[in-house]
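Here is the structure we will look at.
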Amino acid sequence: MSRRDLVEVRSLSDGEAANIYLDLTLPVGHSRPYTVTNTAQSIDGRTALAGSSRGIGSALDRRLLRRVRAAAEAVLIGANTLRAEEIPFQFAPDVLASRLRRGLPRELLVVIITAGATPLPVQRRLFARPSPDIVPLILTSQQAAPGLVEQAAGRSRVLPVGENGVDLPEALRLLHREHGVRRLVVEGGPRLNAELLTEGLVDEVFLTLAPWLLGGTSPGLVAGELPESTQRPLDLLSALGYQGELFLRYRVRHRAPG
Ligand SMILES: NC(=O)c1ccc[n+]([C@@H]2O[C@H](COP(=O)([O-])OP(=O)(O)OC[C@H]3O[C@@H](n4cnc5c(N)ncnc54)[C@H](OP(=O)(O)O)[C@@H]3O)[C@@H](O)[C@H]2O)c1
């Protein structure tokens, strides 16, 4: 192994840990948003405990989740993740201030993706107690859109993108074209991550490795096996450690066109 292949994990002091990803800047995408996934996983590759991601990552991991989110115009979430847990999207004042300093909009677009056969959890704060800074958007199929408009009852726009399911490449182009989304953070779950990776739509992977062995059957950051032609190598961009937890950032090596 050459010296170049050795990556040392930097173990951070309290002060350094408090600043991780504070002013993170993501590249902008040109025909679709630059897209990163963000996941916390235990050492044995579990992303949920009793059906919820709560308790996988530390308090610092949750803070970093919000900081990565703050580096993008929009967040994308699979409907099952919203069904599984209440997700607080509101930014703390310091995170919002840093977001504005970087020229990002005050509003965060929260995009929920659903085929529409199973009801959405409209009791979630995202829909039930809307904030002017958090703008929900439901992407679904042509078939399911009328039923979802009824469920959302004016609390979210509903856009059809595809006949039966959502056409993900077109959905990302639409977010870029019509909603000004240049950077997108995908917060899972594992099934949505797998679909986006299969379509070659992920540019970076943020992965927290939490120092726990949990057992169980929840998938890792990708549910199921990716088709061989879409399995991609990753380049490690940074590896930071704090109190046994690792915060890893990788870039996906895309296949050269042609
Ligand atoms: N540890 C972590 O970082 C983390 C992060 C996120 C989630 N999680 C955990 O992961 C679990 C949920 O993940 P999951 O993999 O089961 O589900 P998921 O990826 O959150 O959501 C899958 C759902 O998204 C919708 N969807 C995805 N692709 C679609 C497409 N192309 N067209 C239309 N709809 C589409 C469908 O919703 P419909 O069923 O409505 O059609 C599908 O059932 C929960 O336990 C959650 O706690 C953990």
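In listed order, ligands and their atoms are each counted from 1. Small disclaimer: the values here were computed from a predicted structure and weren't measured.
Summarising the contacts of atom 14 (P) of ligand 1 with Ser218, Ala40, Ala210, Pro190, the nearest heavy atom is found in Pro190. The residue among Thr140, Thr37, Thr47 with a heavy atom at the shortest distance from atom 9 (C) of ligand 1 is Thr47. Nearest residue to atom 23 (C) of ligand 1 from Ala79, Ala144, Ala50 is Ala79 (criterion: closest heavy atom). One option in Arg191, Arg54, Glu187 has a heavy atom closer to atom 5 (C) of ligand 1 than any other, and that option is Glu187.
Remark: ligand 1 and Ala115 share an N or O pair separated by less than 3.5 Å (distance only, no angle test). Residue contacts with ligand 1: Thr39 is placed with no nitrogen or oxygen under 3.5 Å of a nitrogen or oxygen of the ligand (distance criterion only). For a threshold of 3.5 Å applied to N or O pairs, the pair formed by Gly189 and ligand 1 contains at least one separation below that value. The N/O atoms of Ala48, backbone and side chain alike, include none that comes under 3.5 Å of an N/O atom in ligand 1. Ligand 1 has a nitrogen or oxygen under 3.5 angstrom from a nitrogen or oxygen of Gly51.
Of the protein's non-hydrogen atoms, the one nearest atom 27 (C) of ligand 1 is Glu195 OE2, 3.3 Å. Among all non-hydrogen protein atoms, the one lying nearest atom 32 (N) of ligand 1 is Val166 N, 2.8 Å. If you check which protein heavy atom lies closest to atom 4 (C) of ligand 1, you get Ser53 CB, 3.7 Å. Of all protein heavy atoms, the one lying nearest to atom 25 (C) of ligand 1 is Ile113 O, 3.2 Å. Scanning the protein for heavy atoms near atom 19 (O) of ligand 1, the closest one is Leu192 N, 2.9 Å. Of the protein's heavy atoms, Asn80 CB, 3.1 Å lies nearest to atom 17 (O) of ligand 1. Nearest protein heavy-atom contact of atom 47 (O) of ligand 1 is Glu85 OE2, 2.4 Å. For atom 12 (C) of ligand 1, the nearest non-hydrogen atom of the protein is Thr81 OG1, 3.5 Å.
Side-chain atoms of Arg182 never come within 3.5 Å of backbone atoms of Pro33 as a donor-acceptor pair (strictly under, hydrogens ignored).
Linking ILVMFWY residues whenever their side-chain heavy atoms come closer than 4.5 Å, directly or via other members, leaves Leu139 and Ile77 in distinct clusters. Linking ILVMFWY residues whenever their side-chain heavy atoms come closer than 4.5 Å, directly or via other members, places Leu201 and Val186 in the same cluster. Note on Leu96: it clusters hydrophobically with Leu108, by side-chain heavy-atom contacts below 4.5 Å among ILVMFWY residues.
Ser98 and Arg102 share a side-chain donor-acceptor pair at under 3.5 Å. A donor-acceptor pair shorter than 3.5 Å cannot be found between the side chains of Gln41 and Thr208. Checked by atom type, the side-chain pair Gln90/Ser131 shows a donor-acceptor distance below 3.5 Å. Neither side chain, Asn193 nor Thr37, offers a donor N or O lying under 3.5 Å from an acceptor on the other.
Close approach of ligand 1 to Ser52 is summarised as follows: ligand atoms under 4.0 Å from at least one heavy atom of the residue are 47 (O). For ligand 1, the atoms lying closer than 4.0 Å to a non-hydrogen atom of Gly78 are 18 (P), 20 (O), 21 (O), 24 (O). Shown in contact with Gly165 at under 4.0 Å from a heavy atom are these atoms of ligand 1, numbered in order with element: 32 (N).
Looking only at side-chain heavy atoms (C-beta outward), Ile134 and Leu126 come within less than 4.5 Å of each other. Between Thr114 and Ile138 there is a side-chain heavy-atom pair separated by less than 4.5 Å.
Only side-chain heavy atoms of Ala84 come within less than 4.0 Å of ligand 1; its backbone N, CA, C and O stay farther off. Neither the backbone nor the side chain of Ala223 has any atom closer than 4.0 Å to an atom of ligand 1 (non-hydrogen atoms only).
Under the salt bridge (Lys or Arg N to Asp or Glu O under 4.0 Å) test applied with Asp203, the options Arg183, Arg32, Arg251 reduce to a single match, Arg32.
Hydrophobic clustering, defined by side-chain heavy atoms of Ile, Leu, Val, Met, Phe, Trp and Tyr closer than 4.5 Å, groups Leu12 together with Ile20, Tyr21, Leu24, Leu26, Tyr34, Val36, Leu60, Leu64, Val68, Val185, Phe206, Leu240, Tyr242, Phe247.
Taking each heavy atom of Ser141 and Ala115 in turn, the nearest pair found is OG-O, 3.8 Å.
Using a 4.0 angstrom heavy-atom cutoff, Gly116 counts as in contact with ligand 1. Using a 4.0 Å cutoff on heavy atoms, Arg83 counts as a contact of ligand 1.
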**Study point:** Residue pair Leu120, Arg83: steps toward the side chain to side chain contact (heavy atoms under 4.5 Å, CB included) verdict
**Key:** CA-CA 7 Å; Leu120 275 187; Arg83 290 187 186 104; 4.3 Å; yes

